[in-house]
Undergrad: 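Next up is a structure, given as structure tokens.
Just so you know, residue 1 is the first one in the sequence shown, and it goes up from there.
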Amino acid sequence: MRLDVDPAIRTKWQALLDSLAELARVPAALIMHVQDPHIEVYGSSRSDGNPYSVGDREEWQGSGLYCEWVIKNRRELLVSNAVDEPDWADNPDIKLGMVAYLGFPICQPGGEVFGTLCILDSQANSFSPLIERVMLNYREMLEAHLLLLDQRRRLMRTLQGILPICSVCKKIRDEENNWHHLEDYLVQHTAAELSHGLCPVCLEQFMPDLT
């Protein structure tokens, strides 16, 4: 299923990819998204020499793509020069001139792999430890955004349906049939931060000297 990311977050992702490509001095920084049976370019840096466009897609199982390995193994992959490595000599990205690769898996809140964050170079490149750390930090940002989107979807699904609430204690029942205090439910299912105070009626009843 295709993930719909709101424009504000898409703008942040684009800025992230542009800055990553500039910092790493590579032609391409990408966010790839798995939509079985395809893998799609979900975000692409606006950098010189980048052969990838948003929307480019192909079947990923058995494709031999760098990202296929990252997704299946759920861990980092570094290929310094695919031409000199027999396991990668037939990689489809070589046809686009991309011989070096560094990529990390991006996971959704439930643990399912969303896709990858990766950079590619047209020349041999082992990439520096600094670039690896930056990419790990960027991946954390992407996964935090995915968590926020998941929370929004859950809230909207809840608000569009029937929300079971106890008529006495006002606890709310979740999808797993567990009961929560209203405040706890809002904290767990939304990105809101709660601020406590008194409404005018309670203020007059409990603190009349202040009214």
Undergrad: Going hydrophobic residue to hydrophobic residue with side-chain gaps under 4.5 angstrom, can you get from Val79 over to Met32?
TA: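 Looking at the clustering, Met32 is in the same group as Val79.
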Undergrad: Which is it for Glu112 and Cys107 under the side-chain contact (heavy atoms from CB on, under 4.5 Å) test, yes or no, and what are the steps along the way?
TA: CA-CA 6 Å; Glu112 182 182 358; Cys107 293; over 6 Å; no
Undergrad: Which heavy-atom pair separates Ile119 from Ala29 by the least distance, and what is that distance?
TA: CG2-CB, 3.8 Å
Undergrad: Apply side-chain contact (heavy atoms from CB on, under 4.5 Å) to Lys12 and Met141, showing your working.
TA: CA-CA 10 Å; Lys12 292 180 184 296; Met141 293 172 58; over 6 Å; no
Undergrad: So, for Ser126 and Ser80, which heavy atoms are closest and what is the spacing to 0.1 Å?
TA: OG-OG, 3.2 Å
Undergrad: If two hydrophobic side chains count as joined below 4.5 Å and joins carry through other members, does Val99 share a cluster with Leu96?
TA: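 In one cluster: no.
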Undergrad: Please give me the minimum heavy-atom distance between Val26 and Leu120, naming the atom from each residue.
TA: CB-O, 3.3 Å
Undergrad: Answer with yes or no whether the side chains of Trp88 and Asn81 bring together a donor and an acceptor at under 3.5 Å.
TA: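 Result is no, nothing qualifies.
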Undergrad: Verify whether one side chain among Gln14 and Asp18 offers a donor that lies under 3.5 Å from an acceptor in the other.
TA: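 Gln14 vs Asp18: donor-acceptor pair found between side chains.
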Undergrad: Show the nearest heavy-atom pair for residues Leu17 and Gly43, with the distance to one decimal.
TA: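 Closest heavy-atom pair between Leu17 and Gly43: CD1-C, 3.3 Å.
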Undergrad: Which atom pair, heavy atoms only, marks the closest approach of Trp69 to Glu76?
TA: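 Looking at all heavy atoms of both residues, the shortest contact is CZ3-O, 3.4 Å.
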Undergrad: Do Leu136 and Leu147 land in one hydrophobic cluster if side-chain heavy atoms of ILVMFWY residues count as linked below 4.5 Å?
TA: no
Undergrad: Check whether any side-chain heavy atom of Thr116 lies under 4.5 Å from a side-chain heavy atom of Leu77, and answer yes or no.
TA: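 Thr116 vs Leu77: side chains apart.
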Undergrad: For a side-chain contact (heavy atoms from CB on, under 4.5 Å) with Ser44, tell me which candidate from Val54, Ile31, Asp56 qualifies.
TA: Val54
Undergrad: Decide if atom CG of Asn178 counts as having more than 12 heavy atoms of other residues, nucleotides or ligands within a radius under 6.0 Å.
TA: yes
Undergrad: Might you point out which heavy atoms bring Met135 and Leu20 nearest each other, and give the distance in Å?
TA: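 The pair with the smallest heavy-atom distance is CG-CD1, 3.8 Å.
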Undergrad: Which residues end up grouped with Trp179 if you chain together Ile, Leu, Val, Met, Phe, Trp and Tyr wherever their side-chain heavy atoms are less than 4.5 Å apart?
TA: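 Members other than Trp179 - counting any ILVMFWY side chain reachable under 4.5 Å - there are none.
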Undergrad: Measure the acute angle between the ring planes of Tyr185 and His180, then classify it against the limits of 30° and 60° as parallel, tilted or perpendicular.
TA: tilted
Undergrad: What pairs with Tyr101 under ring-ring contact (aromatic ring centres under 6.0 Å, His included), at least two apart in sequence or on another chain?
TA: Tyr66
Undergrad: Is the NE2 atom of His38 crowded by more than 12 outside heavy atoms at less than 6.0 Å?
TA: yes
